[in-house]
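Scroll down for the structure; my scribbles are underneath it.
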Amino acid sequence: MKKDFSPTLLDFGSVQIYLARHFGFCYGVENAIDIAFRTIDENPGKRIFLLSEMIHNPQVNADLLERGVQFLQDTNGKQLVPFESITKEDVVIIPAFGTTLAIEEKLNSIGIQTEKYNTTCPFVEKVWNRSEQIAKKNYSVIVHGKPSHEETRATFSHAAFNTPTVVVNDMQDTVALSKYITGEKSPDEFYNEFKGRYSVGFDASKDLQRFGVVNQTTMLASDTQAIADLLKKVMISHYNLSEATIEERFADTRDTLCYATNDNQTAVYGLLQTEADLAIVVGGYNSSNTSHLVELCEEKLPTYFINTEEKIISKNIIQHYNFHKKEQITTENFLPVETPVKILLTSGASCPDAMVESVITKLVSFYDATITMEDIINEFAD
Ligand code: SF4
């Protein structure tokens, strides 16, 4: 059945909120949170560690810390608690992004059963399986993802275990990589240009002759498509291939974005069909999928990326995050004077729905709304 991606209008009279048809929590995040809290309940008195942030959501991570959970690493892989202090009596939870084989082995060697409290999302594992399948057919793997993101580090490690692997961050990287495929650049330069992003023993003179592309699950769909298309085109032209023979050198991996990324991004395209004054995107500031929703909205209208309703200081002031510059900024008069004010609203895959509700409540509180939140809920319940 064709999915509906048109937004839902929450009409409070002087403020109209258009809510994306698909937003917020995905299966993988709900599953990870369930397992994490169950683990706490099942292990009273034990030390419980999370390998890194459970998901990129500050509230969820703060709740876990409050329940006594400790982080072993920060989100960039910096060690917060030394592995040497971990014993086999401890519990270590693997986050939804998964982890590298090296870390898994390290924990196993201490006696930690990593499979017992593993919240790796099945959609991330699907990417690992896809890379393994093409590796068995002697393809190298190109991972499109943010090199320092936990999920990309994990996917890189799993792919690199099976086959030569390299990570591209964006189109610029992909264009640069193409020059090694066509021979425009000497393979010797590859090792410097892609430093820290290729597997041990990667041979730039032969490992780019036959490959497949997989993605971090939360990239921007239009970017992943453009990157795969460019690489395919380069292979067709360089090796004189056709659609019929392309598989000789370019594996059909199909898109490895997850359903939630696809649905939330497509719902934003649906949302942007509506003329509005501004957009608000709610989610963790280090959340990849949320930043892509922001990117899409920014192209069309003023967009404010916030991680809690508290960032809406007043009717005039909002503190929001510029993820390009990685800094929080303050904007005054973000709400237009003329009513009705039309606001587009969505949230990332690791943002609880309650947070979106709080944002709506806060916005509505600035107006003499003739309709209450309860009225709206009843309207949808009818
Ligand atoms: S965004 Fe997708 S891959 Fe990531 S946890 Fe959610 S469902 Fe899994």
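These values consider heavy atoms only, across backbone and side chains, with no hydrogens, waters or symmetry-generated copies. We count ligands from 1, going down the list as the structure has it; atoms in each ligand are counted the same way. None of the values given here were measured: they were computed from a predicted structure.
Summary of contacts: the protein heavy atom closest to atom 6 (Fe) of ligand 1 is Cys26 SG, 2.2 Å. The protein non-hydrogen atom at the shortest distance from atom 4 (Fe) of ligand 1 is Thr217 OG1, 4.0 Å. Of the protein's heavy atoms, Cys258 SG, 2.2 Å lies nearest to atom 2 (Fe) of ligand 1.
Ring geometry for His158 versus Trp128: interplanar angle under 30°, hence parallel rather than tilted (30 to 60°).
Cation-pi geometry between Arg210 and Tyr139 is met: under 6.0 angstrom from the ring centre, within 45 degrees of the axis.
Using a 4.0 Å cut-off to heavy atoms of Gly28, the atoms of ligand 1 that qualify are 5 (S), 7 (S), 8 (Fe). For ligand 1, the atoms lying closer than 4.0 Å to a non-hydrogen atom of Phe123 are 3 (S), 7 (S).
Residues Tyr285 and His56 place their aromatic rings such that the two centres sit no closer than 6.0 Å.
Salt bridge annotation for Asp263-Lys3: present, with a cationic side-chain nitrogen under 4.0 angstrom from a carboxylate oxygen.
The nearest N, O or S atom of Cys121 is closer to atom 8 (Fe) of ligand 1 than 2.8 Å.
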Original post:
Run the salt bridge (Lys or Arg N to Asp or Glu O under 4.0 Å) check on Lys342 and Asp277 step by step: do they pass?
Top reply: CA-CA 5 Å; Lys342 291 187 174 189; Asp277 298 299; over 6 Å; no

